[in-house]
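Beneath this line is the structure, given in structure tokens, with notes to follow.
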Amino acid sequence: MDENLGGAARLPYPGTGDGVFAVAHEYLTFGLGICCSLHPVQRKAPDRVTMSAFVGKYADELIKTAKYIATPGKGILAADESTGTIGKRLASISVENVEPNRQALRELLFTAPGAVEYLSGVILFEETLYQSTAGGTPFVDVLKAGGVVPGIKVDKGTVEIAGTNGETTTQGLDSLGARCAKYYEAGARFAKWRAVLKIGAAGEPSELAVKQNAEGLARYALICQENGLVPIVEPEILTDGAHDIKTCAAVTERVLAAVYKSLNDHKVLLEGTLLKPNMVTPGSDSPKVGAEVIAEYTVAALRRTVPPAVPGVVFLSGGQSEEEASQNLNAMNKLEVLKPWTLTFSFGRALQQSTIKKWAGKKENVAAAQAAFLARCKANSEATLGKYAGAGAGDAATSESLHVKGYTY
Amino acid sequence: MSAYCGKYTDELIRNAAYIGTPGKGILAADESTGTIGKRLASINVENVEENRRALRELLFTAPGALECLSGVILFEETLYQSTRDGTPFVDVLGAAGVLPGIKVDKGTVELAGTDRETTTQGHDDLAERCRRYYAAGARFAKWRAVLSIGASKPSQLAVDANAQGLARYAIICQENGLVPIVEPEILVDGEHGIERCAEVTERVLAACYKALSDHHVLLEGTLLKPNMVTPGSDANKAAPEVIAEHTVRALLRTVPPAVPAIVFLSGGQSEEEATRNLNAMNQVAGKKPWSLTFSFGRALQQSTLKAWAGREENVGKAQEALLARCRANSQATLGSYAGDAASGEGVSDSLLVRDYKY
């Protein structure tokens, strides 16, 4: 039975009759990569149809969305702090952790003049997905109008793996399909799931922790794709520790290799995913190194593990200061080596820190806070193009380390 | 340590990158004594050392041919042979900027409990052998793993065993100065469609790269020698553009950019088919962070062998046939092959041998 998905013509290859079909070239989009809307070919018995990667009803949309989010010059604002975590941020500026304040902060960010130009996506916490501006416009509409794709955090935090030295796996798979479908309806088009690993003296991360987290990410990713959401795959290796950059590189490569093996096992469509890794750096208790060194190790690690089918790598900032994160991202994009995926940002703290400080919860500070936010968005946009010239000296907030040991959020 | 980092690191990276030079590729002339015997038999030539030597001399001294080659894979016997006037083959190749390579596997053995699936042997004393080959002038190695497509094939065991075998071989080579060509050949035999071949190829390549990572292989100092993604030999053929799309897509999904070059095997394809498919791949738009080139055996030598027929007086003609195929494939690596080598004798003959062992 011929399946004519998408409406494009499928050309029979001369002489094949009901045999193998050549697919029309309209299926293929060029540019950053090959669109994989080549559909499984139906043949008469005996050969069963097997997909190399999951191609469901959302395949084309997933590919397009992932590619868009990876547009050079744009990146992601990670504004998906859970209620507990955002409470800590608000507490640091003596603001009460109540819904109107959480709403006010996000409105400040999403309506900052000029800022959304530099953003291709914003990750939201569930509560925020359903909130609106003070004037009554749903946040998802504000974002969409600004060309920003709304995303949603879907994991339910970490739990310890018994028998390990405090290692964790991430939960959230129960009813994930149904939740994704709901979020899609509400306007979300991508999702985020944070797996957490740590480097330890006893050889952590253990093989068990790596495998568990890789499998969790892969299962989450496939379920997202079944329900129209581009999965951001985030295997964060914490910076905590006194290890050197080479150790971080080895662990990062090991973890990413395991992640992509699991994604392949689960038939995840790589063209419709994004990767959110840590940068490769020395541990938080080790001497710092220059941005160029971080760039070299990070890009080498990605080149050894991330298949080119992945359209974009959206770095997490870990505990880096706003300025560090931008400098490191910039150095990566200046590196003269072949990088078949966009290298951009998915920053939370490293985009919001000085903004939150400037706001301090006061209405009269909103404009100044929004200006600070715009400055960081612009800086990171330039960094994705390798054109960031650095912040002005004397702005203490942008250089402040944002490291929190054992960070959970 | 993330990947192998030893005394040969820089050399491995340099040699692997060199083999992937656009416009160049590999001549696979590493047929075992038994296999080359079948080739010689097909042109009524006796399978004795002198004839094997004469054939390889014909190939390696063909005027203009070496310019299109960055490497030649040799069988052990050939590594130590010379031209009639006494110049070692490795010197002939070296003088022309062609890296000598060496087949190091010892063939396949069946995996008990499977449907005649195999794994490849050859790890015993491999380090010592690599050292000897390096001393003799070899700078890269080849190890062929074989998988089949069937109702329940390839099984997880076959995939895992072959991936592990390739990874172990690869790191041993690197420790001893040889760039390992990683060859997980999925045989074309069968009636499956191209989508099935794509699915299996992606699964196999993903397993290979996981194993290579586990074994700390330095990807920048390796090459991949995969099958192209095609319909099975008993299914209807597909156009070069379709083969190219499916093949490149499979590679984009599995081969990390650190790998400098992909050197395709020709399977049972005719000389002309193999060239056209390679050409189409290099014309596919979009990202391809590795060179796409050739490592052809039959698909470079078939018409040459026929033209030679074992006769001294045919050597010139035979060498011209080889040059024509080398040039065609060199152009194919640049996506600029116009099909003008299509008129040679035998270039469109299928070279399929079912359940191919060599």
Side-chain angles (χ1 to χ4, degrees), chain A residues 13-17 19-23 25 27-36 38-41 43 46-53 246-247 249-254 256-258 260-261 263-265 267 269-271 300-310 337-341, chain B residues 1-3 5 149 151 156 190-203 205-207 209-214 216-220 229-232 234-239 241-243 245-246 248-260 284-290:
Chain A
Y13 187 69
T16 59
V20 175
F21 289 86
V23 179
H25 281 244
Y27 270 91
L28 303 176
T29 59
F30 300 111
L32 286 183
I34 291 181
C35 164
C36 86
L38 293 169
H39 303 286
V41 175
R43 254 194 122 232
D47 188 25
R48 68 189 165 93
V49 169
T50 323
M51 291 180 189
S52 51
K246 287 199 164 131
T247 303
V251 172
T252 301
E253 288 171 28
R254 178 156 74 97
L256 290 179
Y260 282 99
K261 180 60 166 68
L263 291 175
N264 180 275
D265 288 345
K267 312 270 191 205
L269 180 66
L270 293 188
E271 294 87 339
L302 299 174
R303 276 171 52 84
R304 288 171 175 177
T305 53
V306 184
V310 176
V337 78
L338 208 149
K339 294 160 283 185
W341 357 252
Chain B
M1 191 209 303
S2 56
C5 191
I149 297 179
Q156 196 60 47
E191 3 174 62
H192 53 271
I194 194 170
E195 297 287 345
R196 182 81 205 286
C197 179
E199 182 251 321
V200 172
T201 301
E202 289 172 31
R203 181 152 66 98
L205 290 179
Y209 283 98
K210 178 61 164 71
L212 291 171
S213 168
D214 290 345
H216 307 294
V217 176
L218 177 70
L219 293 188
E220 293 88 337
V229 176
T230 69
D234 296 326
N236 295 308
K237 284 199 182 294
E241 293 68 35
V242 177
I243 287 172
E245 285 158 20
H246 284 76
V248 174
R249 185 179 70 182
L251 299 170
L252 286 173
R253 289 174 172 174
T254 54
V255 185
V259 176
V284 169
K287 45 188 173 176
K288 288 164 293 182
W290 355 253

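Residue numbers start from 1 in every chain, and the chains themselves are labelled A, B, ... in the order their sequence lines are given, proteins ahead of strands.
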Is it the side chain or the backbone of B/S213 that comes within 4.5 Å of chain A heavy atoms, both, or neither? side chain

Test item: B/K210 side-chain N/O and A/K261 main-chain N/O as donor-acceptor pair under 3.5 Å: no

Partners meeting side-chain contact (heavy atoms from CB on, under 4.5 Å) with B/A258 (sequence neighbours left out): A/R303, A/R304, B/L219, B/E220

By the definition side-chain contact (heavy atoms from CB on, under 4.5 Å), identify the one residue from B/H246, B/R203, B/R249 that meets it with A/S52. B/R249

Name the region of B/I149, side chain, backbone, both or neither, that has any atom closer than 4.5 Å to a heavy atom of chain A. neither

Below 4.5 Å from any heavy atom of chain A, which atoms of B/A250 appear? Answer side chain, backbone, both or neither. neither

Do you know the tightest heavy-atom contact between B/P257 and A/V306? CD-O, 3.2 Å

Which atoms of A/A301 come close to chain B, meaning under 4.5 Å heavy atom to heavy atom: side chain ones, backbone ones, both, or neither? neither

Could you state the interatomic distance from NZ (B/K287) to NZ (A/K339), rounded to the nearest 0.5 Å? 13.0 Å

Using the test side-chain hydrogen bond (donor to acceptor under 3.5 Å, both in side chains), find all partners of B/T201 that sit at least two apart in sequence or belong to another chain. B/N227

By a 4.5 Å heavy-atom criterion (distance strictly below it), what part of A/V337 contacts chain B: side chain, backbone, both, or neither? neither

Tightest non-hydrogen contact, residues A/T305 and B/P256, listed as N-CB, 3.9 Å

